[in-house]
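Just below is one structure, and these are the notes that go with it.
Per chain, numbering begins at 1; letters A, B, ... match sequence-line order.
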There are 2 protein chains.
Amino acid sequence: MTTQEAAGIQAVDRAFDIVETLTELDGAGVSELGRHLELPKSTVHNHLQTLERNEYVVRQDGEYRAGLKFLRVSETARNQHELYQIARSEVDHLAEKTGEISALMIEEHGRGVFVYRSRGSEAARIDTCVGDRVPIHCTALGKAILAFLPPERRDEIVDRHGLEAVSPNTITDREVLAEELEAIRDRKIASDDEERLSGLRSVAAPILDGSNAVIGSISVAGPTHRMRGERFETELPEMVLGIANVIELNIQHT
Amino acid sequence: MTTQEAAGIQAVDRAFDIVETLTELDGAGVSELGRHLELPKSTVHNHLQTLERNEYVVRQDGEYRAGLKFLRVSETARNQHELYQIARSEVDHLAEKTGEISALMIEEHGRGVFVYRSRGSEAARIDTCVGDRVPIHCTALGKAILAFLPPERRDEIVDRHGLEAVSPNTITDREVLAEELEAIRDRKIASDDEERLSGLRSVAAPILDGSNAVIGSISVAGPTHRMRGERFETELPEMVLGIANVIELNIQHT
DNA sequence: TCGAAGCGTTCCACGATGCTGAACATTTAT
DNA sequence: ATAAATGTTCAGCATCGTGGAACGCTTCGA
């Protein structure tokens, strides 16, 4: 690379770089990839052949694309989360009952990963997709997790990723965040007032396992004009909390 | 490896080997992985660190697991298939209307990949999952695709993968297969009479794009006792064909 | 309480191996 | 018909991944 920042296996780093830019470009050829990654064609070619042999890359119409074998890996990785298996139908349920979008998040590497999402009948247009990774401090889902992490993990995450302003309403001050997390711990409810996306509000609750460690969170999200007053303050929080409790009970029974 | 079969990048091959066994073992430590792959701990460690830096592997409770970043890759890879975007809701529709399991398949590297699946109210218990890759000759979905591939691709696939007997009913004779594919081309309908799984029958139709090339297939599958007579011979085929036509129309309009 | 055995991690030297640039085909565009 | 893309092959060099051994650390069992 440009600097000697990384002390990993170069070839592996590059392989994943290639796969990622391949998805970004929606498929590409050897030369095009080489240009984007500033690598000689031969190197890229070599990697693509290796990736194709392993079926992680597919070639069609003279273009290379990311293969569906990733689906196999991701699907088993996701299914290995007991939380996903259990929460899935409950998230569907929540979406149906509220008519809005409901989602499940798990934290990884200090970021929030959307693991599942279900759309109710009135659901807003899609903003995020399953698999998306967002800064953890700017979502109700993320804050619900953050609030219940052990303090040292919490600090570590904020130190590493900072508090980037994703929207005008994003919390960017550590003090303010700390207070909000405190409040979240009290109510077991987090909310997001257009902190990630203007026009979008959401309500979330953490999911704790048998030993009271957070393993994820669930939420309901919708356009601000539908998320206000009694509904936003009381109704939805109670619903979300109710479903969260159901999930927690199911988790402890397995 | 044991032989010098592969002419690819060793480090990359190993990285994916590690990820795959990691999913198989449902998480593992350095030593355990080393034993399974017959590699020294130091090598495995080196790889795991690289993979973790890239967030494709996560460490928790002293165990390494495949990370959810794969979800990001697979999700974008899947969404790049126009077919998936369009067929998804129609497959849901088909599952609802029939009460059975409905699925979407795309061919990759000569195998059939389950890209999406929807369960109706009466749906049989789960047998395969999204992301699973099955021999293409033993499913209605696979045969529907195979029948409409260009003859040279067809031969190439059969040559490479053979006709393994997956169940007692699997077609293992090239002649027999050729005849069946001929019939499938006539009706635009393929069926599977317990050829992959005993007790499971299914009906599938190919999806062709604007230039009459197969891009995938859809199906309905259920327990044999519900899949017989008029329903199996006429009703379901007509429904599947109908939905397939809807999808094809939508595809050509984009 | 103290070993013994397991784990993950670090170190270093060797040599296999991934990287590169240039030359080669092959297709597309002008 | 020429030029400029493309993907592919090749071979030499230096790199960098490899793997053995040694290091701490925890977890057992005696």
Task: Rounded distance in Å - NE2 (A:His47) to C1' (D:dC16) - done: 12 Å
Task: Contact summary for A:Val166 and A:Pro135, nearest pair of heavy atoms - done: CG2-CG, 4.1 Å
Open item on the list: Students should find this one: the first and last nucleotides of DNA chain C, 5' to 3', lying under 4.0 Å from a heavy atom of chain A. What are they?
Closed with: C:dC19 to C:dG21
Check nucleotides 8-13 of chain D for protein N or O atoms closer than 3.5 Å to its own N or O atoms and list the pairs.
| from | atom 1 | to | atom 2 | distance (Å) |
| --- | --- | --- | --- | --- |
| D:dT8 | OP1 | A:Arg59 | NH1 | 2.5 |
| D:dT8 | OP1 | A:Arg59 | NH2 | 3.3 |
| D:dT8 | OP2 | A:His45 | ND1 | 2.9 |
| D:dT8 | OP2 | A:Tyr64 | OH | 3.2 |

Task: DNA chain C contacts among residues 19-28 of chain B, heavy-atom distance under 4.0 Å - done: none
Task: D:dG19 phosphate, OP1 or OP2, under 4.0 Å from B:Arg14 side-chain N/O - done: yes
TODO: Sequence neighbours left out, what passes side chain to side chain contact (heavy atoms under 4.5 Å, CB included) with B:Ala213? Give chain and number order.
DONE: B:Asp209, B:Ser211
Open item on the list: Under 4.0 Å, heavy atoms only, any strand: does B:Thr43 hit a base, just the sugar-phosphate, or nothing?
Closed with: base
TODO: When you get a sec, tell me which of D:dT6, D:dG19, D:dG17 is the closest nucleotide to the side chain of A:Arg35?
DONE: D:dT6
Open item on the list: Treating A:Asp132 as the side-chain partner and A:Cys129 as the backbone partner, does any N or O pair qualify as donor plus acceptor under 3.5 Å?
Closed with: yes
Open item on the list: Taking only side-chain N and O atoms of A:Gln10, does any of them lie within less than 4.0 angstrom of OP1 or OP2 on D:dT15?
Closed with: no
Task: Salt bridge A:Asp159-A:Arg174, side-chain N to carboxylate O under 4.0 Å - done: yes
TODO: Whole angstrom is fine here: how far is it from CG in B:Leu39 over to P in D:dG20?
DONE: 10 Å
Task: Nearest atoms (heavy-atom pairs only) where B:Cys138 meets B:Thr170 - done: CB-CG2, 3.9 Å
Task: Rounded distance (Å) that lies between atom P of D:dC16 and atom CD1 of B:Ile9 - done: 13 Å
Task: Residue pairs fulfilling salt bridge (charged side-chain N to carboxylate O under 4.0 Å, His left out) with at least one residue in residues 23-32 of chain B, sequence neighbours excluded - done: B:Asp26-B:Arg65
Task: Derivation of the side chain to side chain contact (heavy atoms under 4.5 Å, CB included) call for A:Lys143 and A:Leu181 - done: CA-CA 7 Å; A:Lys143 289 189 291 182; A:Leu181 295 184; 4.2 Å; yes
- [ ] Would you mind reading off the distance between B:Asn46 atom CG and D:dT15 atom C1', rounded to a whole angstrom?
- [x] 14 Å
- [ ] Determine, step by step, whether A:Ile184 and A:Phe148 satisfy the side chain to side chain contact (heavy atoms under 4.5 Å, CB included) criterion, reporting the C-alpha distance in whole Å, the side-chain angles of both residues, the deciding distance to 0.1 Å, and the verdict.
- [x] CA-CA 9 Å; A:Ile184 292 170; A:Phe148 286 85; 4.2 Å; yes
Open item on the list: Please check this pair: side chain of A:Arg117 against backbone of A:Val130, looking for a donor-acceptor N/O pair closer than 3.5 Å.
Closed with: no
- [ ] Describe, in one word, how the ring planes of A:Tyr116 and A:Tyr84 are oriented to each other, choosing from parallel (under 30°), tilted (30 to 60°) and perpendicular (over 60°).
- [x] perpendicular
TODO: With DNA chain D as reference, determine whether A:Val12 or A:Glu32 sits nearer its 5' end, using the nearest nucleotide of each.
DONE: A:Glu32
Open item on the list: For the helix from C:dT1-D:dA30 to C:dA29-D:dT2, what angle separates the axis at the start from the axis at the finish, each from five pairs, in steps of 10°?
Closed with: 40°
Task: Non-hydrogen atoms of B:Thr172 and B:Ala165 that approach each other most closely - done: CG2-CB, 3.8 Å
Task: Ionic contact status for A:Glu52 with A:Arg59, cut-off 4.0 Å - done: no
Open item on the list: Using the rule given for salt bridge (charged side-chain N to carboxylate O under 4.0 Å, His left out), can you reason through A:Glu55 versus A:Arg72, listing the C-alpha separation, both sets of side-chain angles and the distance that settles it, and then say yes or no?
Closed with: CA-CA 11 Å; A:Glu55 306 197 1; A:Arg72 181 157 222 315; over 6 Å; no
Task: Smallest separation among heavy atoms of A:Val44 and A:Val30, with atom names - done: CG1-O, 3.9 Å
TODO: Starting from P on D:dT18, measure out to CG on B:Asp13 and report it in whole angstrom.
DONE: 10 Å
